[in-house]
Amino acid sequence: MIDLKYLQNNFDEASVKLQKKGIDAPTLENLQTLFATLKNINAALEALRAEQNSMSKLFGQYMREGKDIAELKAKVDANKVEMIPLQQRAREAEEALHSVALSMPNFPDDEVPEGANEDDNVELRRVLEPRNFSFKPKEHWELAQSNGWIDFERGVKLAKSRFSVLRGEAARLERALINFFLDTNATKGFEELCVPFMNNSAMLQGTGQLPKFEDDLFKIEGEDLYLIPTAEVPLTNMYNDEILNQKELPVLMTGYTPCFRKEAGSAGRDTRGMIRQHQFDKVEMVAISHPEKSDEVFEMMVQNASDILTALGLPHRVMELCDGDLGFSAASTVDLEVWLPGQNQYREISSISNTRDFQARRAKIRFKDGKKNRFVHTLNGSALAVGRTVVAIMENYQNEDGSIEIPDVLKKYM
RNA sequence: AGAGAGGUGGCCGAGUGGUUGAAGGCGCACGACUGGAACUCGUGUAUGGGGCAACUCAUCGAGGGUUCGAAUCCCUUCCUCUCUGCCA
């Protein structure tokens with residue numbers, strides 16, 4: 001949730017920022033008006049309530065003193081009638097404001113490069129040189145076929161399209177990667193958590209998936225539960241509606257979960273192979289940070305994810321997202337893109353975002369700063385997407401005969 | 001899933017219609033005592049909104065109702081616990 005007071009006091013500035021995220025001026029003006037209207041109605045209503053309360057208090061006194069209460073009661077009744085339409089208007093204004101405000105994306109940071117889409121993202125650096133192949137490297141689905149690693153057909157049979165089954169060594173590689181990621185994150189101070197894979201709607205609203213992106217989620221029928229699209233949801237919401245002690249910050253959490261996404265709107269993209277599935281494994285990092293420390297924490301998280309790729313010997317590049325490509329909740333995002341020689345391109349394998357206080361406002365995550373309660377900053381990032389790492393290992397570690405090497409750091413896990 | 005009990009501030013817990021936003025305790029913060037600590041003592045300590053402030057409004061799981069007035073009464077709903085059933 002954006003800071004509505006900030007919006008009201010710095011409308012032009014806020015408007016420029018949100019236009020980059022595709023919000024037009026009229027929408028924003030509407031929001032501002034709703035906010036101002038609600039404030040006015042509430043002020044009037046509260047004045048009447050105050051009067052009502054003070055008159056009500058007199059009743060006790062009058063009755064003890066044996067005075068007549070008829071006149072007082074008449075006044076109170078009149079006051080009450082006056083409040084009814086205001087209460088109605090306040091309720092309507094509140095609902096309208098709430099629904100608009102929850103659909104408003106986060107402001108991009110000032111330093112975020114400008115741009116329209118992913119083509120305008122800025123490459124910060126490349127790590128490791130792509131290997132020179134003496135043969136034409138194959139795509140992972142070909143290798144999956146010849147090695148019997150991925151059973152696409154039976155995944156579809158068991159569920160539907162965009163599901164798959166890992167078999168034998170591939171399944172063990174998946175498991176090895178999860179362990180390797182979790183262990184590595186632990187050495188950086190992240191506490192490992194094992195969380196529910198379904199969360200309720202309040203939590204999904206807290207991190208920003210609801211109400212706007214319900215179509216991307218798998219909902220459990222007849223329950224207020226959704227399959228999580230990322231561990232960011234349960235991990236961040238661990239502290240939903242809580243007030244942390246400043247000494248506890250930063251809270252660093254990591255966890256492995258499968259992630260479930262309908263991939264609505266992705267029809268026709270990456271239909272082949274395992275790049276885009278309805279279910280995939282991911283190890284996530286989440287940080288709850290003091291607002292003044294979140295940039296530091298962010299850098300640490302990017303470095304950690306990059307180091308993991310380096311340890312696996314996977315060439316990658318570090319991309320800073322332009323404002324037009326930022327997600328709904330993010331104020332700034334760095335993507336790590338791993339080199340896929342079979343596809344001959346870099347593909348996203350990790351996305352690390354600082355949401356500043358955007359999620360904290362929605363999820364009411366605060367910390368005590370002296371006497372005041374302030375919103376924390378929340379950050380999240382993949383370390384790493386497991387399925388895509390399997391794909392990257394397949395393509396980068398393939399031999400001419402189609403066999404696949406296992407990176408050295410993983411050998412003790414397999 | 002069936003039966004019963006219950007949901008109050010960071011935690012425990014009192015409170016069945018009128019200065020109760022809520023006793024008491026624990027915890028926490030600050031201060032005193034100490035060489036330093038523990039102990040002890042003193043003070044402070046719910047959240048959110050409006051206002052420069054004094055102050056004021058809302059909130060005792062959530063929603064609705066009764067009443068001049070509700071943490072307290074009524075209805076609906078969610079959740080938790082215990083027992084039974086089922087189950088890894």
Side-chain angles (χ1 to χ4, degrees), chain A residues 1-9 31-102 194-206 210 219-226 234 237-249 251 258 288 290 357 359-376:
Chain A
M1 182 104 85
I2 58 169
D3 183 351
L4 293 174
K5 274 193 228 167
Y6 167 81
L7 175 72
Q8 194 172 46
N9 298 327
L31 180 61
Q32 193 193 26
T33 308
L34 285 170
F35 185 56
T37 306
L38 181 62
K39 236 167 119 171
N40 287 336
I41 297 172
N42 272 336
L45 194 56
E46 278 178 20
L48 289 172
R49 281 213 186 106
E51 210 174 320
Q52 184 86 356
N53 288 342
S54 66
M55 284 193 284
S56 287
K57 276 185 187 156
L58 287 178
F59 271 87
Q61 199 183 316
Y62 275 37
M63 285 162 92
R64 269 194 301 277
E65 294 169 0
K67 284 193 193 169
D68 182 35
I69 57 167
E71 194 188 336
L72 185 59
K73 184 161 166 24
K75 271 169 78 179
V76 167
D77 284 342
N79 198 56
K80 226 173 148 182
V81 170
E82 206 181 330
M83 285 200 294
I84 291 169
L86 278 175
Q87 281 170 325
Q88 180 63 23
R89 282 173 59 203
R91 195 178 301 183
E92 285 165 8
E94 203 164 343
E95 270 171 29
L97 177 70
H98 200 60
S99 83
V100 175
L102 282 176
C194 190
V195 293
F197 300 161
M198 297 177 214
N199 281 190
N200 62 45
S201 56
M203 301 305 112
L204 283 141
Q205 184 177 295
L210 288 179
K219 188 175 191 327
I220 306 296
E221 195 179 338
E223 299 271 356
D224 179 32
L225 289 171
Y226 295 82
N237 282 296
M238 280 289 293
Y239 294 94
N240 188 301
D241 200 18
E242 294 196 23
I243 302 169
L244 291 146
N245 194 315
Q246 194 163 165
K247 281 184 282 190
E248 298 174 72
L249 302 177
V251 180
I288 312 276
H290 189 287
D357 62 2
Q359 291 179 326
R361 278 176 196 283
R362 292 175 155 252
K364 301 191 205 61
I365 308 173
R366 294 144 296 170
F367 72 100
K368 273 249 179 279
D369 188 8
K371 285 209 158 200
K372 288 209 153 187
N373 293 324
R374 294 175 61 194
F375 289 113
V376 297

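Reminder, nothing fancy here: chain letters follow the sequence lines and each chain counts from 1. Owing to the predicted nature of the structure, the values given are computational and were not obtained by experimental measurement.
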Could you state the [atom1]-[atom2] distance from [X] to [N], rounded to the nearest angstrom?
X	N	atom1	atom2	value
A/D241	B/C79	CG	C1'	15 Å
A/E94	B/G48	CD	C1'	11 Å
A/R361	B/G48	CZ	P	12 Å
A/M83	B/C57	CE	P	12 Å
A/L45	B/U59	CG	P	11 Å
A/Q87	B/C57	CD	P	15 Å
A/E242	B/G9	CD	C1'	15 Å

Quote, to the nearest angstrom, the [atom1] distance that separates [N] from [M].
N	M	atom1	answer
B/C81	B/C30	P	37 Å
B/U16	B/C74	C1'	14 Å
B/A70	B/U59	C1'	13 Å
B/C12	B/A46	C1'	15 Å
B/A23	B/U72	C1'	16 Å
B/A32	B/U82	C1'	48 Å
B/C28	B/C39	P	9 Å
B/G7	B/G61	C1'	6 Å

Partners meeting salt bridge (Lys or Arg N to Asp or Glu O under 4.0 Å) with A/D224 (sequence neighbours left out)
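Scan of A/D224 (salt bridge (Lys or Arg N to Asp or Glu O under 4.0 Å), adjacent residues dropped) gives none.
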Who are the salt bridge (Lys or Arg N to Asp or Glu O under 4.0 Å) partners of A/R91, not counting sequence neighbours?
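Counting only residues at least two positions away or on another chain, A/R91 forms no salt bridge (Lys or Arg N to Asp or Glu O under 4.0 Å).
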Does anything in residues 42-53 of chain A pair up under salt bridge (charged side-chain N to carboxylate O under 4.0 Å, His left out), and if so which pairs, sequence neighbours excluded?
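Of all non-adjacent pairs touching residues 42-53 of chain A, none passes salt bridge (charged side-chain N to carboxylate O under 4.0 Å, His left out).
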Among residues two or more places apart or on two chains, list those pairs meeting salt bridge (charged side-chain N to carboxylate O under 4.0 Å, His left out) that have a residue in residues 75-87 of chain A.
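Sorted pair list: A/K73-A/D77.
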Counting only Watson-Crick or G-U wobble pairs whose two distances fall under 3.5 Å, which nucleotide matches [N]?
N	answer
B/U82	B/A3
B/G17	none
B/A38	none
B/U45	B/G27
B/C60	none
B/A88	none

Atom CE in A/M198, atom CD in A/E223: separation rounded to 0.5 Å?
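It is 8.5 Å, given to the nearest 0.5 Å.
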Interatomic spacing from OG1 in A/T33 to CG in A/L38 - rounded to 0.5 Å
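The CG atom of A/L38 is 12.5 Å from OG1 of A/T33, to the nearest 0.5 Å.
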Show the nearest heavy-atom pair for residues [X] and [Y], with the distance to one decimal.
X	Y	result
A/K364	A/F375	CA-CE2, 4.4 Å
A/M238	A/E242	O-OE2, 3.4 Å
A/L225	A/N200	CD2-N, 4.0 Å

Restricting to ring-ring contact (aromatic ring centres under 6.0 Å, His included), what partner residues turn up for A/F197, sequence neighbours left out?
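ring-ring contact (aromatic ring centres under 6.0 Å, His included) check on A/F197 returns nothing, list empty.
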Residues in ring-ring contact (aromatic ring centres under 6.0 Å, His included) contact with A/Y239, at least two apart in sequence or another chain
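ring-ring contact (aromatic ring centres under 6.0 Å, His included) list for A/Y239, sorted by chain: empty.
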Do A/D3 and A/D357 make a side-chain contact, defined as non-hydrogen atoms from C-beta onward lying under 4.5 Å apart?
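Contact flag for A/D3/A/D357 side chains = no.
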Listed pairs, N/O of protein and of nucleotides 27-31 of chain B, under 3.5 Å:
unit_1, atom_1, unit_2, atom_2, d
B/A29, OP1, A/K247, NZ, 3.4

Readout for nucleotides 62-76 of chain B: B = base within 4.0 Å of protein heavy atom, S = sugar-phosphate only, - = neither; 5' to 3' it is --S---BS-------
Scan nucleotides 50-53 of chain B against the protein and return all N/O pairs shorter than 3.5 Å with their distances rounded to 0.1 Å.
unit_1, atom_1, unit_2, atom_2, d
B/G50, OP2, A/K5, NZ, 3.4

Check the phosphate of B/C79 against A/N200, side-chain N and O only, distance under 4.0 Å to OP1 or OP2. Yes or no?
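Indeed not, no polar side-chain atom of A/N200 lies that close.
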Report yes or no: do A/K368 and A/N373 form a side-chain donor-acceptor pair below 3.5 Å?
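Yes, side-chain donor-acceptor contact under 3.5 Å.
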Protein N or O to nucleotides 44-47 of chain B N or O, pairs below 3.5 Å:
unit_1, atom_1, unit_2, atom_2, d
B/U47, OP1, A/K368, NZ, 2.5
B/U47, OP1, A/N373, ND2, 2.8
B/U47, O3', A/R366, NH1, 3.0

Please list, one pair per line, the donor and acceptor atoms closer than 3.5 Å that link side chains of residues 83-90 of chain A to other protein atoms, with sequence neighbours excluded.
unit_1, atom_1, unit_2, atom_2, d
A/Q88, NE2, A/E92, OE2, 2.9

Tell me which of A/E223 and A/N42 sits closer to the 5' end of RNA chain B, going by the nucleotide each one is nearest to.
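Closer to the 5' end of RNA chain B: A/N42.
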Restricting to side-chain contact (heavy atoms from CB on, under 4.5 Å), what partner residues turn up for A/L102, sequence neighbours left out?
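Listed in chain order: A/M1, A/H98, A/Q205, A/P211, A/R362.
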Given the rule in the side chain to side chain contact (heavy atoms under 4.5 Å, CB included) test, do A/T37 and A/L97 qualify, once you have shown the distances and angles that lead to the verdict?
CA-CA 10 Å; A/T37 306; A/L97 177 70; over 6 Å; no
